[in-house]
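One structure is given below, encoded as C-alpha cells.
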Amino acid sequence: MRQIRKSLVVWVGLLVLFLAQTASAQVTISFWHGYSELETQVLVEQVIPAFEAQHPNIKVEAIRLGYDELRDKVVTTAAAGGGPDVMRLDIIWTPGFAASGLLEPLDRYEGFQELLSEVYPGPLSTNYYAGAYYGLPLTTNTQIYVYNEEIFEQAGVAAPRTFDEFEQVSRLLTRQEGGETQRWGYDIGGPWAWHLLPWIWSNGGDVTDPDITTASGYLDGPGTIGALERITEWAMAGFLAPNIFQQGFDSWGSFVNGQLAARQDGPWFPRWIEENYPGMRVGYALIPAGAGGESISVVGGENIAMASGSAHKAEAWTFVKFMLSEEAQSMMAAIGQIPVIRSAIYIPEFQESKYYPVYLEQIATARARTPHPNYSQIEQVIQAAFWQAISGEASPRAALEDAARQVNALLR
C-alpha cells in the first residue's frame, strides 16, 4: 500500500512538473488590429484557433482598436517600451513607423523570400523602406469601373477601355432636363488622391520618380498635367457627379436608383449591391487607359508588421507567416477580403464571383500611394493642387508645378 502511495506521489509530481514545463513553454503574443466587427469575428473564431491548433505553444491575444487609436497607441506605447508583438497597419503608415524605429525588418527571417514571390507587387511596395522590408501585405483592395448594365444596354454602349471612349460614353449617358441633371455619366468620387491617382497613372503620370527622390518632371510632368486637364474638362462639361466639386452626393443611392450610370469603387461596393439589391444588373471593368496605354488603379489595404520591441519575435514571425497562408487568406476572403497571395485566388468565392476576377486583374497592375514617411503631408499638397485645378483657382499646370516644389521639400 505504501508502495502504491509512493508511486502515486511520484506520478502526481511528474504530472505537475510536466504541466508546469508546458505552461512555461507557451508564449502569448499580442496582435493589434482594426478589423471590422465581422472580420474580427472570423479572426477570433476561425483564423486564430486554426493557428493555435497548429502551434499549441503560441497563444494569440487579438486586440481591436479604432483607426486613429491604433496608430496613436502603437506610437505612445512603443516609446514607453510596450506595445504589440504584431500589428495590422494602414499601408500608408508603414514607412513612417519604420523610419521611427518601431518596426522589425523582416528580410532576415526564414521563409521571407518565399512569401516575397507570392504576394502582389503593388501591395508589397508599401512595406519597403531604406533598403529593407518592414512588413508584408495582409489585406488589399483597389478600385475598378462599375456600371449599370441596363443603362448601358439601352444606350447601346459598352464599358469604355480608353480615356477617349470614357469621355464619349459618359457624355452620352448624362441626362439633363430643364437645366437640371437627371443622370450623371460617371462619379469619380472627389478631388482626392485615392480617386484621381488611377487616372494619372493610367495616363503615364506619377507623383515622384521611382526612387522617390524628386517630384519635378513627374508631378508636374506631361502625363500628370494631361490627366488633370482632362478631369477638369470633364467636370466642367457636367457629366461628372457633383462629388468632384466636393458637393454632397449619395453615390451608392444614386447608382442603384438610376441617377448615376457608372462609378469607381472598391470590392465593398459590389458586395453591398449583391446583399441589398441582388436583382440589379451590374457590370465590372478595368479603369480606362489613357496616354500611358495601361489601366492602373490604386492600392488600398493593410500590412502586417512585427514590432521592433517584441520580446517574442520568433513566435510573432510564425504568426505573420500563418496570416499570409492560403488557409488564413481563404478564411478572410470568404467575407470579402481580396487575398494578397496569388495562390488564394482559386478559392470558390472568387472563381464564382462576377466582380472579384476583375478586381484581381486590376490589382495585378495597381500601384501604391507614395511609400514615404511624409506621405500624409505629400497627399495634402497634391490634393490641394487637384482642387485648385478643378475649382478653377489655377490651371492644372500651374497648380502641379507649385505642388512639385512643395513635395520636393518634403522628400528631402
Side-chain angles (χ1 to χ4, degrees), residues 25-35 43 47-48 51-52 54-55 57-65 67 69-140 212 299 301-325 328-329 332 340-341 368 370-376:
Q26 189 175 69
V27 170
T28 297
I29 61 172
S30 59
F31 175 45
W32 290 8
H33 65 88
Y35 279 119
L43 174 72
V47 178
I48 290 177
F51 171 77
E52 292 178 342
Q54 295 178 28
H55 305 278
N57 63 311
I58 307 174
K59 180 176 175 58
V60 180
E61 180 185 27
I63 299 175
R64 182 187 178 197
L65 299 167
Y67 184 85
E69 182 187 14
L70 174 58
R71 179 191 56 211
D72 296 342
K73 194 169 183 180
V74 167
V75 173
T76 55
T77 55
D85 295 288
V86 182
M87 61 193 92
R88 177 182 185 255
L89 305 175
D90 189 302
I91 59 174
I92 65 172
W93 295 350
T94 307
F97 276 33
S100 299
L102 301 178
L103 304 181
E104 174 80 0
L106 301 182
D107 315 59
R108 66 190 71 170
Y109 288 88
E110 183 182 358
F112 177 81
Q113 291 302 321
E114 288 78 2
L115 287 174
L116 206 62
S117 62
E118 261 287 282
V119 299
Y120 291 105
L124 175 65
S125 68
T126 65
N127 294 279
Y128 191 75
Y129 174 74
Y133 285 96
Y134 287 85
L136 284 162
L138 178 61
T139 59
T140 191
I212 317 179
V299 168
E302 292 77 26
N303 295 326
I304 188 166
M306 186 195 309
S308 58
S310 171
H312 307 293
K313 289 188 172 68
E315 292 81 6
W317 173 241
T318 300
F319 180 64
V320 169
K321 288 192 295 182
F322 179 81
M323 291 299 288
L324 268 73
S325 68
Q329 289 279 303
M332 300 307 293
V340 297
I341 57 172
T370 312
H372 189 276
N374 290 334
Y375 178 72
S376 294

Close side-chain approach of Y67 to R71, heavy-atom, < 4.5 Å: yes
From CG (L89) to CG (L103), nearest 0.5 Å: 6.0 Å
Under the ring pair (Phe, Tyr, Trp, His ring centres under 6.0 Å) test, residues paired with H372 that sit two or more places apart: none
Mutual orientation of the aromatic rings belonging to F112 and W317 [parallel < 30°, tilted 30-60°, perpendicular > 60°]: tilted
CD1 on I341 to CE on M323, rounded to 0.5 Å: 11.5 Å
Euclidean distance, I91 CD1 relative to T140 OG1, rounded to 0.5 Å: 7.0 Å
K313: side chain to side chain contact (heavy atoms under 4.5 Å, CB included) partners, not counting sequence neighbours: E104, Y109, M306, S310
Note, I29 side chain near K59 side chain (heavy atom, < 4.5 Å): no
Minimum heavy-atom distance D85-A311, with the two atoms named: OD1-N, 3.9 Å
Within 45° cone of Y35 ring axis and under 6.0 Å: R88 NZ or CZ: yes
Student check: side-chain heavy atoms of I58 and F51 closer than 4.5 Å: yes
Which atom of P84 lies closest to which atom of A307, heavy atoms considered: O-CB, 3.1 Å
Interatomic spacing from CD in Q329 to CG in L324 - rounded to 0.5 Å: 5.5 Å
Interatomic distance, E52 atom CD to N57 atom CG [nearest 0.5 angstrom]: 10.5 Å
T76: partners by side chain to side chain contact (heavy atoms under 4.5 Å, CB included), with sequence neighbours left out: none
4.5 Å side-chain heavy-atom contact, Y120 and V299: no
For R64, salt bridge (charged side-chain N to carboxylate O under 4.0 Å, His left out) partners two or more places apart: none
4.5 Å side-chain heavy-atom contact, L70 and D72: no
Close side-chain approach of W93 and V74, heavy atoms under 4.5 Å: no
Beyond-backbone contact of L115 with L136, side-chain heavy atoms, under 4.5 angstrom: yes
Qualifying residues under side chain to side chain contact (heavy atoms under 4.5 Å, CB included), relative to Q54, sequence neighbours excluded: F322, E327
Contact list for residues 121-139, test side chain to side chain donor-acceptor pair (under 3.5 Å), sequence neighbours left out: T126-N303, N127-N303, T139-E302
Flag side-chain contact, heavy atom, 4.5 Å: P371 against I212: yes
Full working for side-chain contact (heavy atoms from CB on, under 4.5 Å) between V320 and V86: CA-CA 8 Å; V320 169; V86 182; 4.0 Å; yes
Spacing of H33 atom NE2 and I63 atom CD1 [to the nearest 0.5 Å]: 8.5 Å
